[in-house]
Amino acid sequence: MFFLFIGASDVCKIPGISAAGANPAVIPFTAAADADVLYYGRPRVVDAVPVDPEGHPTPALITRAAWEMARFPFIVVRCGSYLPPACPHVDLKCDPGGDPSLVSAVPNAREVFDAACELGRSMGGMKEPYVIGESVPGGTTTALMVLRSLGVEGMVSSAGPLNPINLKETIWQKGCSRCGGGFGAFRDDPLKAVREMGDPMQAAVAGFVFGLPRDARVVLAGGTQMLAVLAVLRAMGWDGKVVVATTKYVAQDRSCAFLEMASSLGAEPYAAPLDFSRSPHKGLADYEKGYVKEGVGAGGAFWYARELGVSVEKLCGKVEEIYSLMMGF
Ligand code: AAM
């Protein structure tokens, strides 16, 4: 079964920090619109497909294409997105995360974790694997904050071709000064790392996985954001086997250390071999240049569809088809 956790962090309001939306004014709509794209094949909560500032489409297209080809069951879980999606969803009823450079990011991280843990427990009998994706614009920054707070070295990825690393460093420094944080400072209290520096999706997905049976087959569908979730789980003593499934665009992103971090956290990495190099659509062809890269569980949905027997060619062809339909080509 596939789960899409949609959340938010006020970090996304900092100009230049996120490309997961056309501009800072519409980024708050991205997560809810992403969920609608997965569910309906188009956004309903807003009337425009989420794109980055240069018009490249959301990776929700890939997730939707994987679903259309493989028809795996899925649920959308809202964990603090600014808006509810139009599609049916489970609501953990939490607030968007605050900007950790200014405030405690997720004051009720424990409650969010516990509520999601209950949800995980109730899912215990569902069909395996459990493939869990996210949409949290700005989420790579909160991932960096949590990874470092837990003593995990390595840079995170980003939604744009130019990773705003300097800006991320500034937010890290400010966050540390605000709450007495630092590298490894909250190693003994992983939920404090999320509370002070993270986002609600991290608390929710960590809780959800914690609630699943210990031997469940878990696939964290995302790039460095899901490594932050895994770091929280590992710091809590969770020793389950896990695949972290992303796209080749994150695995090959030289600005980040996805593979090194996955290995240090004891995860089996998977990099979806998407290939849009011959796409007639610039929006997709530019994925090969590092635009967008991953999100909405795209790499994990691809993994899942492959697992269910769908070929790489069919999957990439379906993405092209959906993109043409959606953008009216
Ligand atoms: C989610 N929706 C997206 C998107 N993501 N639409 C367009 N591009 C993306 N990359 P950052 O921290 O740089 O904002 O990157 C994290 C976001 O990018 C997440 O929302 C993730 O799901 C993805």
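Counting convention: from 1, in listed order, for ligands and their atoms alike. Index from 1, following the sequence.
- For the residues G160, P164, A159, the heavy atom positioned nearest atom 13 (O) of ligand 1 is part of A159.
- Ligand 1 lies nowhere less than 4.0 angstrom from a heavy atom belonging to K293.
- Heavy atoms of D52 come nearer than 4.0 angstrom to ligand 1 in no pair at all.
- The closest approach between H56 and ligand 1 stays at or above 4.0 Å for every heavy atom of the residue.
- In D34, the part holding a heavy atom less than 4.0 Å from any atom of ligand 1 is the side chain.
- Under the 4.5 Å side-chain heavy-atom criterion for ILVMFWY residues, no single connected hydrophobic cluster contains both V46 and V49.
- With a 4.0 Å cut-off on non-hydrogen atoms, V292 touches ligand 1 through its backbone as well as its side chain.
- Comment: E288 engages K248 in a salt bridge, judged by a side-chain N to carboxylate O separation of less than 4.0 angstrom.
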Please list, one pair per line, the donor and acceptor atoms closer than 3.5 Å that link side chains of residues 89-96 to other protein atoms, with sequence neighbours excluded.
residue : atom : partner : partner atom : Å
H89     : ND1  : C87     : O            : 2.9
D91     : OD1  : K93     : N            : 2.8
D91     : OD2  : R78     : NH1          : 3.2

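- Taking the charged nitrogens against the carboxylate oxygens, E196 and R178 do have a contact shorter than 4.0 Å, which makes a salt bridge.
- By the criterion of side-chain heavy atoms lying less than 4.5 angstrom apart, applied directly or through intervening Ile, Leu, Val, Met, Phe, Trp or Tyr residues, W67 is grouped together with I62 in one hydrophobic cluster.
- Per-residue contacts place S135 under 4.0 angstrom from the following atoms of ligand 1 (heavy atoms of the residue considered): 1 (C), 2 (N), 20 (O), 22 (O).
- Considering backbone and side-chain atoms together, S158 places no N or O closer than 3.5 Å to any N or O of ligand 1.
- Scanning S18, P59, P50, C12 for the heavy atom closest to atom 3 (C) of ligand 1 points to P59.
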